[in-house]
Amino acid sequence: MYAQLVETGQKNLRQREDMSPEERAFQDRVDADIKIEAKDWMPDAYRKTLIRQIQQHAHSEIVGMLPEGNWIGRAPSLQRKAILMAKVQDEGGHGLYLYGAAETLGVSRDQMVADLHAGKSKYSSIFNYPTLTWADIGAIGWLVDGAAIMNQIPLCRCSYGPYARAMVRICKEESFHQRQGYDIMLKLCAGTPEQKAMAQDALNRWWWPSLMMFGPPDADSVHSAQSAQWKIKLLSNDELRQRFVDQTVPQADHLGIVMPDPDLRWNADGGRYDFGAIDWTEFHSVLKGNGPCNRERLAARVKAWDDGAWVRDAAVAHAAKCAARAVRAAA
Amino acid sequence: MSAEWPLWEVFIRSQHGLAHKHVGSLHAADAAGAVRNARDVYTRRNEGVSIWVVKSTDVIATSPGDKEALFEPANDKVYRHPTFFPMPDEVKHI
């Protein structure tokens, strides 16, 4: 889901008859839930797809630091500032775990960053929306991290070892993120009418983009079957999205605020919530670069990288100088 | 493009006196930086009392292709496990 629209490069699902002996052995391991590790043989397309998927997940974490980082200075209390800073630090760490996992597949950090800056590599659409009020921080923790958890827990079982292990670590830390957000919403909804209205307004603006995080409907997701066979996508977009709706509506009920969806209603026969149609033109437009904050987000990332170049270079020069000094001292 | 920082593997020993465990990797220009970064990234929740960092190029690993040959000799030496030797019930402390 952080890997929205990741292409596998395959037109058709790989069939056993068409597989080489190595590929068949590889697929047997995947089917038997034996992890694939960095030095194991793997199909080129599996490697390429994972590089794209993990990388975009990593970029999402790093870019995701920006909308919330925006509010650290303005959080309503010292404790809220410290908590928000801790969350944003975690996101940086998550990006690192994921870049590390991607690097095991043979791509360099510099290459991934260059691809992001050139617009070749994407990040989740959700981070192209602005954080307009303090309530947005609550909504993001509650809904965006909630959606992320929905996607990441199954990924702990994905076939690629380094990615699965990164997911385990991330999931442990992610629950605090969601609770932190819901805690903000609880306080606002129990506060003044203005505070509650601010919480409702944030829900109004973040609900539909959060549903879009799960990616296009299954019928429009051409590459899902191959990713499912490779076990790098464990549950379908629609299935994850439905689970998310079902678990989140009661949480909104408890807050006393409502989703901005007149078609949302409990379906007793199906045992789930029916919900309204998603505007997929908005989703595709945002992914193409026309969301409210796309240019701002990318500019911030490029600036951080460029402005930090002298620090990276100085660290390397200093390390080289120390190493040379040590050699001379030993001689 | 500026020079990429080398990759380091990070091992943390938890509070409970267990052995250092591999927790992940990171880039740093030198060992001191690697330790600092490891502290920042891998010990935010009191995960550890001790950090080791090792340059990834210094880690020597067995190859997956050698798995069979390397580990096969242990397969038929089940007498290395105490359960191979049933003991009389009356005999204590053994």
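Bear in mind that the values here come from a model prediction, so they are computed numbers and not experimental data. Chain letters run A, B, ... following the sequence lines, proteins first and then strands; every chain starts at 1.
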- Item | A:K48 atom NZ: more than 12 heavy-atom contacts under 6.0 Å | no

- B:T62 side, atom OG1; A:K39 side, atom NZ - distance, nearest 0.5 Å: 11.0 Å

- Item | Closest non-hydrogen atom pair, A:A319 against B:A29 | CB-O, 3.4 Å

- Message: With a 6.0 Å cut-off (strictly less than), is the heavy-atom count around CZ of B:R39, excluding the residue itself, greater than 12?
- Response: no

- Most heavy-atom pairs under 4.5 angstrom with chain B, which of A:R165, A:E37, A:H318, A:E103? A:E103

- Query: Do B:Y42 and A:L96 have side-chain heavy atoms sitting under 4.5 Å apart?
  - Reply: yes

- Message: So for atom CG, which belongs to B:L18, do other residues, nucleotides or ligands contribute more than 12 heavy atoms lying within a distance under 6.0 Å?
- Response: yes

- Query: Side chain, backbone, both or neither: which part of A:E173 has a non-hydrogen atom closer than 4.5 Å to chain B?
  - Reply: both

- Item | Region of A:T104 in contact with chain B, defined by heavy-atom distances below 4.5 Å | neither

- Message: Whether A:D90 and B:R45 form a salt bridge (side-chain N of Lys/Arg under 4.0 Å from carboxylate O of Asp/Glu) is what I want to check.
- Response: yes

- Query: Considering residues, nucleotides and ligands other than A:R295, do more than 12 of their heavy atoms fall under 6.0 Å from its CZ?
  - Reply: no

- Pair A:R169 + B:E47, salt bridge at N-O below 4.0 Å: yes

- Is the number of heavy atoms from other residues, nucleotides or ligands under 6.0 Å of B:E68 CD greater than 12? no

- Heavy-atom neighbours of B:K77 NZ exceed 12 at 6.0 Å: yes

- Message: What I'd like to find out is whether the side chain of B:V41 reaches to under 4.5 Å of the side chain of A:Q89, using heavy atoms alone.
- Response: no

- Working to the nearest 0.5 Å, report the span between OH of A:Y99 and CG of B:L26. 15.0 Å

- Does B:E4 use its side chain to pair, donor to acceptor, with the backbone of A:D110 at less than 3.5 Å? yes

